[in-house]
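Within every chain, numbering begins at 1; the chains are lettered A, B, ... in the order of the sequence lines, protein sequences first and strands thereafter.
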There are 2 protein chains.
Amino acid sequence: MPRYALLLEYDGTNFCGWQRQGDLPSVQKLLEEAAAPLNQGVLPTATASGRTDAGVHAEGAVADIELALDLPPARVRDAINFRTQPQPVVVLAAARVAPDWSARFDCLGRGYRYRILNRPARPALEATKLWHVKRRLDAAAMHAAAQLLLGRHDFSAYRAAACQAKSPVRTLDRLDVARLGEEVHIIAEARSFLHHQVRNLVGTLVEVGQGRRPVTWPRQVLEGLDRGKAGQTAPPDGLVFRFARYEPAPAWG
Amino acid sequence: MPRYALLLEYDGTNFCGWQRQGDLPSVQKLLEEAAAPLNQGVLPTATASGRTDAGVHAEGAVADIELALDLPPARVRDAINFRTQPQPVVVLAAARVAPDWSARFDCLGRGYRYRILNRPARPALEATKLWHVKRRLDAAAMHAAAQLLLGRHDFSAYRAAACQAKSPVRTLDRLDVARLGEEVHIIAEARSFLHHQVRNLVGTLVEVGQGRRPVTWPRQVLEGLDRGKAGQTAPPDGLVFRFARYEPAPAWG
């Protein structure tokens, strides 16, 4: 059967996350049901580059799916988008891929952005896309603290209790913090991440940004390997899955 | 009584617009009710720099309001924001102003931004903040057409039938069109605008961007003074009120 890669944009606010959880509204369930008419009415299985949590968004997630119909990628995109209406899940582009191609296992790099709104007033615009932190953040101190976390480490201290990964060792390639007006953005890139790793890193860096902990503290937390010592898990709203990288990249149609 | 200027951010999606319309949810009604506890429980009257339509947003609208209590501006901001929860209307800042200061009549310039999402897939993120136009737009042609509309003119051709302004003459100071990736942004600035003027200009420029009309057409429509000849009124979703300008500016606290 023809195999496709799908480039996805979704608003995670009202979903239980990417992954199917029974009858709860998941991105996976919505996508598979929308694609079933292209698969002789049989529910196909979509596997994603990353299983985002409830409330986490995506502007460039990737999934693979096998469909009975052999169609031009633009037709696959339009047919699925017609059926996901009016839900906020769309296929930006589709591509034909090899029968053994995997959005999850062939992924060489994943990128996230986390947005903090740092001002007295809560957000009225994009309220579900931002973490509101009233107290002024020192983004430069957060960035300095973040640079001490780069490289290959045991990230047990930043891992959710529910994390199912076999190893807590990950290589953090990029963790940049920068102020953009009233917002503070955190950009995180790695081959793969542990469950809640980005949100736990953000919650810990914010302690530094608020001046409650020194720049060296997130590194100390890392070395302590104890999740109980890190900062809070930042809320899901501010997190967006930006990209999944493949070599070669799918030939998006 | 102390008079305040309020700098406002709101998401217009679920409001009938700025202005009170009986019991319908309006931004004005929500704001006045939230401010009443600062006015001995009596409903104050808020007057805005611009009466935005249903579905139109604001990131920097200004309103004036008189309140019985003499409070530091930051207290006014926080007290109103506490009471507008969880609705998407917030005071970004407040300022004390003179008893005769008017957000509407002292305003020397108003700025709007209109965002078009120009790609095959509809928006999943910010779906209520964008007009989705699938067909590829030539932003450079739209910009060239827009420059022919600058200056002082009778804008009857771009005015809503319901417009209550005494004169259809306005001076358009800026109408820039630029592509930003998958989006096309239109920036409009003038001392004041007619009802639906920005949305009618956008709907007309899009005809040029799609190649259905020549660059000179919006200017011909202007000179014809006939609303029936212009393009469609662009949907409200893409429009945001950016700023109102005063000299001197209120001393935002």
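Only the backbone of Val91(B) comes within less than 4.5 Å of a heavy atom in chain A; its side chain stays farther off. Proximity to chain B (any heavy atom under 4.5 Å) is shown, for Ala93(A), by neither the backbone nor the side chain. With a 4.5 angstrom heavy-atom cutoff, Val90(A) touches chain B via backbone and side-chain atoms both. For Thr13(B), no part lies near chain A; criterion is any non-hydrogen pair under 4.5 Å. For Gln87(B), the part sitting under 4.5 Å from any heavy atom of chain A is the backbone (N, CA, C, O) and nothing else. At a 4.5 Å heavy-atom cutoff, Ala74(B) makes no contact with chain A through either its backbone or its side chain. No part of Thr128(A) comes within reach of chain B, as not one of its non-hydrogen atoms sits under 4.5 angstrom from that chain.
Lys129(B) NZ to Glu126(A) CD: the interatomic distance, rounded to the nearest 0.5 Å, is 7.0 Å. A distance of 5.5 Å separates CZ of Arg122(B) from CG of Asn81(A), quoted to the nearest 0.5 Å.
Nearest approach of Ala124(A) to Asp11(B), heavy atoms of both residues: O-CB, 3.5 Å. When all heavy atoms of Leu125(A) and Glu9(B) are compared, the pair lying nearest together is N-OE2, 3.1 Å.
Annotation: Arg179(A), atom CZ; neighbour count of heavy atoms from other residues, nucleotides and ligands within 6.0 Å is above 12. For Arg75(A), the CZ atom sits in a loose shell: 12 or fewer heavy atoms of surrounding residues, nucleotides or ligands are nearer than 6.0 Å. Counted within 6.0 Å of CG on Asp70(A), heavy atoms from surrounding residues, nucleotides or ligands total more than 12; the atom is thus considered enclosed. Counting non-hydrogen atoms of other residues, nucleotides and ligands closer than 6.0 Å to CD of Glu33(A) gives a total above 12.
Side-chain contact between Lys134(A) and Asp78(B): absent, with no pair of heavy atoms (C-beta onward) separated by less than 4.5 Å.
Heavy-atom pairs under 4.5 Å with chain B peak, among Glu59(A), His57(A), Glu182(A), Gln85(A), at Gln85(A).
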